[in-house]
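Below you'll find the structure, written out as structure tokens, and then a few comments.
Quantities reported herein were computed from a predicted structural model and do not represent experimental measurements.
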Amino acid sequence: MPEEDLVDIKFRLYDGSDIGPFRYSSAATVDMLKQRIVSDWPRGKTVMPKSANEVKLISSGKILENNKTVGQCKVPFGGEIAGGVIIMHVVVQPSLAKTKAEKKIDDSPKKVVCSCSIL
């Protein structure tokens, strides 16, 4: 594989720590990157993705789509720097089904308290 087809990518987490850098082919998909992030996620973090679907990757201010390749996501002027590493920001967004399930557990009967004042 020619050297120019390889891209170094570092993943920046919510707390400022990093995963990587790793070297990827320009043909690698965003979904492959997300799977790598989930498998290499540091233990002991308060937020942990359970699957690649909970991970969003942001590069150059854009959320990357799963079916795009690394080559399609590269910023033209970013890859020109010799030895440059592309930094992608990682956002963990739990699935809606999980969030709704947690809310249902918290639904306990609530007392109606009136705070009206009649003068």
Quick one: CE on Met88 to NZ on Lys62, what's the gap to the nearest 0.5 Å? 13.0 Å

For the CE atom of Met32 and the OG1 atom of Thr69, what is their distance to the nearest 0.5 Å? 10.5 Å

When you measure from the side chain of Trp41 to the backbone N and O of Val47, does any donor-acceptor pair fall under 3.5 Å? yes

N/O donor-acceptor pair under 3.5 Å between Glu54 side chain and Lys50 backbone: yes

Treat each ILVMFWY residue as a node, draw an edge where side-chain heavy atoms are under 4.5 Å apart, and state whether [X] and [Y] are in one component.
X     : Y     : result
Val55 : Val91 : no
Ile63 : Val90 : no
Ile19 : Tyr14 : yes

Which of these, Leu33, Leu57, Ile87, Val85, sits in a side chain to side chain contact (heavy atoms under 4.5 Å, CB included) with Ile9? Leu33

Closest approach of [X] and [Y], non-hydrogen atoms and distance?
X     : Y     : answer
Gly20 : Lys10 : C-CG, 4.4 Å
Val7  : Ser26 : CG2-OG, 3.8 Å
Lys34 : Asn66 : NZ-OD1, 2.6 Å
Gln93 : Lys56 : OE1-CE, 3.0 Å
Ile86 : Ser59 : CG2-OG, 4.3 Å
Ala52 : Asp31 : CB-OD1, 4.3 Å

The side-chain hydrogen bond (donor to acceptor under 3.5 Å, both in side chains) partners of Ser17 (sequence neighbours excluded) come to Asp15, Lys45

Does some side-chain heavy atom of [Y] sit less than 4.5 Å from a side-chain heavy atom of [X]?
X     : Y     : answer
Leu64 : Ile58 : no
Arg12 : His89 : yes
Asp18 : Leu13 : no

State, without any angle test, whether Tyr24 and Thr29 hold a side-chain donor-acceptor pair at a distance under 3.5 Å. no

Asn53 meets the side chain to side chain contact (heavy atoms under 4.5 Å, CB included) criterion, sequence neighbours left out, with Ser51

